[in-house]
Student: 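Got a structure for you, questions after.
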Amino acid sequence: MSPAPADRSAVNPVLLGSLGKGTRAEIVGLDESRVHTPLKSGELERRLIEMGLVEGAHVEVLHEGFPRRDPIAVRVNDHTVALRRAEADAVLVVALTTMSAV
Amino acid sequence: MSEDRKSPPRVALVGNPNSGKTALFNAMTGARQKVANYAGVTVEKKEGLFVSPAGTRVRVMDLPGTYSLRARSPDEEVTRDVVLGRMEGEEVPDAVVFVADATNLRLNLRLALELKKLGRPIILALNMMDAAEKQGLKVDPAELSAELGMPVVPTIAIQTGGIQTLLDQIDRTIQVAELEGWSHNRAECGWSEPSSHDLRDYHREVERVLARAIHSHARPHTATQHLDKVLLMPGIGLPILLAVLFLTFQAVFTWARVPMELLDAGITLLKEGVDLTLPDGPLKSLVIDGIIAGVGSVIIFLPQILVLFFFIQMLEDTGYMARAAFLLDKLMGGVGLHGRAFIPLLSSFACAVPGIMAARTIENRADRIATIMIAPLMTCSARLPVYTLLIAAFIPERPVLGGWINLPGLVMFALYAAGILSGLLVALVMKRTVLKGAREPLLMQLPAYRLPRPRNVALGLLERGQAFLVRAGTTIFTLMVVVWALGSFPAPPDGALEPAIRYSIAGAIGHALEPLLAPIGFNWQIALALVPGMAAREVAVGVLGTIYALSGNGDALRSSLATALAHSWSLPTALSLLAWYVFAPQCLATLSVVRRELNSRFWPLVMFVFLTGLAYGAAFVTYRVAVSVLGG
Ligand SMILES: Nc1nc2c(ncn2[C@@H]2O[C@H](COP(=O)(O)OP(=O)(O)O)[C@@H](O)[C@H]2O)c(=O)[nH]1
C-alpha cells in the first residue's frame, strides 16, 4: 500500500472536516493554524498524530453526529476515531473516492 | 543485589484505553487486589499481588490508560509520574508491561516506543490475540520482539492462555534486571516530551516494524461495523441511547428495591438488638441514633449504587460508552459541556461523589470544573427518601395522562427533570462567564465492541462497593457522630415539653435559622432538620422523625411520619421543601470531594453558595406561587 504521490500532488488538498459520510481520503498534511482551540500551540497536532491521524494514513468518514452532522467518526487505517469537524479541519486530505462533500 | 530488596518487585501495566489492561490485571491477580488513593490526588491506585512461577511475590499496578506520556488529564498524569518515578511515595516500577491491543498495533505500538525511551525493562503483552486471529491477523511475535527490542508475549486476557507465559517472562525480566542492578541504580531515562516531529518518527518506526513482523493485516471487526451502522445512525442512535438510560434508571429503582428492604430490616433488627443489650444512656443513644441510624441511612443506598455501576461498567466494557459520548457531544456542546461529561453526570444520579471523581478523565480544567459544579444537580439517590416521604404525604394517587402514569410518578419525574435542566442552564451560564474558552477537542477512539466478561464486571463492582463502604465507614461515620453530638447536647431541662433536640446545639442553630427560612415557608422543625442534613441529605428524614417525636421508635416511622407531616404542614411548605431539595447544597461529602478533586477551597465555596442561592430562590418562588394559587 505505498502511496503514489505523483498523481496526487496535482490535486488540491481539502479539509477532513469538510468531508461527507462515505468519503475516503488520504492524509497529506496537518495544519492546526486555522483551528481555534484552548490548547497550546502544537498540542492539537501532536494529539492528532497520537490518534493515528498522520500523513499517509487512509481515512473514511463512517458516521456523522447530530445535529449538524457533527462530530464525525473516522476510520483511520484499522481503528475508528471520533472528533469534531472543527478540529478535523486541522487535517489536510486528498479524496480517494469522489463522493459528495458537505 | 538481593540484600537491599526490602519490598517485592513491582510491575506497572501501561497501555492505551480499551487494550484489555484491566482484564489482564484481573487475570494476573485474581481477587488479590486493593484500591487506594495516590498521595495528594484522588486518582485510584489499583494494586494487586501475584506469586510468579519462580515463587517471587510480585506487586502489579494497573495504571490509567493513555495514548501518550504527555499527560493531558489528572488520570494520565498519574501514569506518567509513576513510570517516570516522579510520583511522591511511589518507587519507580521494576518493569513495565505494555499491554497492546493486537487488532490495533499501528495505533498502540507508538506508546511502546515512547516507553522504551525510559530505559527500564519493558515487556510487550500482545493482548486480544483471539480477536486478532479471528480478524485474520498473522503476526510473528519473535520478529516483533527482535524489531522492537523487547520481549513479546501473546496473551488473551479473558482466558488463562498466555498469562502463564507472561508471568514467566516477568520473572526472567526481573531476574535479569536484578543481576544487572537495573532496578536500583536508576537507569538513564532518555524520555522527554516528544515534539510532533518525534511523534512522526515514532510513527514511521512503527510502520517499519509492522511491515516486517506482520504477515497479514487484521480485517476490520465486522460486528462492530454493523452495530455502529444502527447505533450511530442519525435519528436512531439518540432514541436508543435514551432507551438504554431509561432502562438503567428503571433497574436502579426496581432491582434495588428488595435488597434495600432487606438492608432496612437488618438495620432495624440491629437497632432492636442493641436496644435490648445496652443500658439506657448516652452510649446507647450514640450507637443507635448516631451510628446505626446515621451510617445505616447511607449504607442502605449500596444496592442502588451497585445496580447503577453494573450498568455503567457494562456500557464501558462493551465499548458503548464512547458511542454515548459521541452521540451527545454536539448536544452537550450546546451548553458548553464536553461529551465526556456524560459519564460523570450519569454516575451522579447514584451519588455525586463517584460522579465528581469520574470527571478526572476530562482533560481541560474549565470543562472539568463546569462538570463538577453541576454534578450535584443530578438528583442523587440520597434525595430519594426525602422525595418519597413528601410525595407520599402530600401528592394524592391520581392517574394522569389517561392512566399511563400516576401523579406521584409525574411529580418525581418533574423533580429529576428540574435538576437536569437547571444543571444544563448553570453549565451554560458558567461557560459563558467565569469558565470561558473554547471546548477541549474531542479526540476519542471508538473501540471495537466486546462482550463483557462476568468475572471482570464482578471484580469491578466489588471495587466500587468496597470504596463506597469505606467512605461510609470513615467520613460518614465521623460526620454522623458529630451530628449526633450536636443534636444531643446539651440535654433538655427536666420536664421539657418539646422534643429533646430542640434544646440542643443543633436546636439552637435551627432556631437561629428560622427567621431566614420563614420567607420560603419553612418552620423551625424543617430548619432544624436541615442542620444535620448537612452531613448527608437523607438524614433530614430521620431528624424530622425524631422531632415529630412519634411514639414508635424507628420502625413504621416513615408511613406515620408522612401522616404527621400531612397534618401539620401546608402544601406550599411541602412543595417549597421539594424545590429546595432539587438543589439541596447540604452534603458535606460532596463538598469535601470537590475540594480534594480540584485541590481548591474556592470552588467548594462557590458550589455551596450558588447551590444554596438556587435552592433558596427556587423554594421562595415555589412557596409564593403555591400560596397565591392554593392559599396559605
Ligand atoms: N476477545 C478478547 N476480549 C478482551 C481481551 N482482553 C480484554 N477484552 C475485553 O475488552 C474490553 C475492554 O477491556 P478492559 O480490560 O476493560 O480494557 P482497559 O480499558 O484497557 O482496562 C472488555 O470487554 C474485555 O472483556 C482479550 O484478550 N480478548
Side-chain angles (χ1 to χ4, degrees), chain A residues 1-3 16-17 20-22 27 29-33 35-58 60-91, chain B residues 66-68 70 72 101 103-108 110-111 135 193-196 198-200 202-204 207 217-221 224-225 228-229 231-235 237-238 322-323 325-331 333-334 339 363-364 366-367 437-448:
Chain A
M1 277 213 301
S2 72
L16 176 59
K21 192 163 152 177
I27 300 180
L30 298 178
D31 175 14
E32 58 160 61
S33 62
V35 179
H36 176 61
T37 79
L39 307 175
K40 59 179 196 268
S41 99
E43 177 63 20
L44 180 61
E45 181 179 354
R46 289 196 281 181
R47 290 193 190 178
L48 289 168
I49 301 175
E50 280 164 358
M51 296 305 291
L53 290 149
V54 63
E55 289 84 355
H58 284 220
E60 176 185 351
V61 179
L62 292 181
H63 308 283
E64 297 172 324
F66 172 87
R68 284 194 269 153
R69 305 180 171 207
D70 197 27
I72 48 176
V74 179
R75 192 168 54 72
V76 185
N77 295 324
D78 309 326
H79 64 277
T80 310
V81 174
L83 75 171
R84 301 194 190 115
R85 288 195 185 269
E87 286 111 28
D89 278 349
V91 182
Chain B
T66 179
Y67 291 100
S68 130
R70 299 176 308 102
R72 312 188 292 210
D101 172 357
T103 64
N104 226 326
L105 286 175
R106 241 205 212 104
L107 184 66
N108 280 232
R110 213 211 64 260
L111 183 55
Q135 287 169 238
E193 229 182 64
S195 66
S196 61
D198 299 333
L199 289 174
R200 285 191 174 87
Y202 283 137
H203 195 81
R204 267 191 292 276
E207 293 287 352
H217 277 275
R219 292 180 299 272
H221 194 242
T224 298
Q225 290 182 319
D228 271 345
K229 278 211 180 96
L231 295 178
L232 297 183
M233 191 193 280
L238 275 174
R323 272 77 182 178
F326 174 81
L327 287 168
L328 290 174
D329 185 71
K330 190 77 183 177
L331 290 175
E363 294 144 15
N364 180 279
D367 286 358
R439 281 197 299 166
E440 180 89 357
L442 171 85
L443 260 180
M444 178 183 66
Q445 201 186 342
L446 298 181

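The chains referred to below are lettered A, B, ... by the order of the sequence lines, with proteins before strands, and numbering in each begins at 1.
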Student: So which atom in B/Leu107 and which in A/Gly52 form the shortest heavy-atom distance, rounded to 0.1 Å?
Tutor: CD1-N, 3.8 Å
Student: What's the verdict on side-chain contact (heavy atoms from CB on, under 4.5 Å) for A/Leu48 and B/Leu443, showing C-alpha distance, side-chain angles and the deciding distance?
Tutor: CA-CA 8 Å; A/Leu48 289 168; B/Leu443 260 180; 3.9 Å; yes
Student: For the candidates B/Pro441, B/Pro447, B/Ser196, B/Ala366, which exhibits the highest count of non-hydrogen atom pairs separated by less than 4.5 Å from chain A?
Tutor: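 Top option by heavy-atom pairs under 4.5 Å: B/Pro441.
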Student: If you define the side chain from C-beta out and look only at heavy atoms, does anything of B/Arg106 sit under 4.5 Å from A/His79?
Tutor: no
Student: Are A/Val54 and B/Arg110 close enough, and set up right, to give a side-chain contact (heavy atoms from CB on, under 4.5 Å), and what steps lead you there?
Tutor: CA-CA 12 Å; A/Val54 63; B/Arg110 213 211 64 260; over 6 Å; no
Student: Can you tell which part of B/Leu327 gets under 4.5 Å to a heavy atom of chain A, answering side chain, backbone, both or neither?
Tutor: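 Backbone only.
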Student: Quick one: do A/Glu64 and B/Lys330 satisfy salt bridge (Lys or Arg N to Asp or Glu O under 4.0 Å)? Show the steps, please.
Tutor: CA-CA 11 Å; A/Glu64 297 172 324; B/Lys330 190 77 183 177; over 6 Å; no
Student: Side chain, backbone, both or neither: which part of A/Ile72 has an atom under 4.5 Å from a heavy atom of chain B?
Tutor: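 The backbone, not the side chain.
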Student: Non-hydrogen atoms of chain B under 4.5 Å away: do they reach the side chain of A/Glu50, the backbone, both or neither?
Tutor: both
Student: By a 4.5 Å heavy-atom criterion (distance strictly below it), what part of B/Asp228 contacts chain A: side chain, backbone, both, or neither?
Tutor: both
Student: Quick one: does A/His63's side chain get under 4.5 Å of B/Arg323's, heavy atoms only?
Tutor: no
Student: Taking OH in B/Tyr67 as the centre, count heavy atoms belonging to other residues, nucleotides or ligands within less than 6.0 Å. Is the count above 12?
Tutor: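 More than 12 heavy atoms, drawn from other residues, nucleotides or ligands, come within 6.0 Å of this atom.
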Student: Can you tell which part of B/Arg70 gets under 4.5 Å to a heavy atom of chain A, answering side chain, backbone, both or neither?
Tutor: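 Contact with chain A involves the side chain of B/Arg70 alone.
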Student: Nearest 0.5 Å, please: how far is CD in B/Glu207 from CG in A/Asn77?
Tutor: 7.0 Å
Student: Could you check which of B/Arg200, B/Gln445, B/His203 has the highest count of heavy-atom pairs closer than 4.5 Å to chain A?
Tutor: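 So the answer, after comparing B/Arg200, B/Gln445, B/His203, is B/Arg200.
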Student: Measure distances from A/Val81 to the heavy atoms of chain B and classify the residue's part below 4.5 Å as side chain, backbone, both or neither.
Tutor: both
Student: Is there side-chain contact between A/Leu39 and B/Glu440, with heavy atoms separated by less than 4.5 Å?
Tutor: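 They are in side-chain contact.
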Student: Do any N or O atoms from the side chain of A/Arg84 and from the backbone of B/Asp329 form a donor-acceptor pair under 3.5 angstrom?
Tutor: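 Answer holds: no.
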Student: Side chain, backbone, both or neither: which part of B/Leu105 has an atom under 4.5 Å from a heavy atom of chain A?
Tutor: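 When you check distances to chain A, no heavy atom of B/Leu105 falls under 4.5 Å.
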Student: Contact part of B/Ser195 toward chain A, heavy-atom cut-off under 4.5 Å: side chain, backbone, both or neither?
Tutor: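 Only the backbone of B/Ser195 comes within 4.5 Å of chain A.
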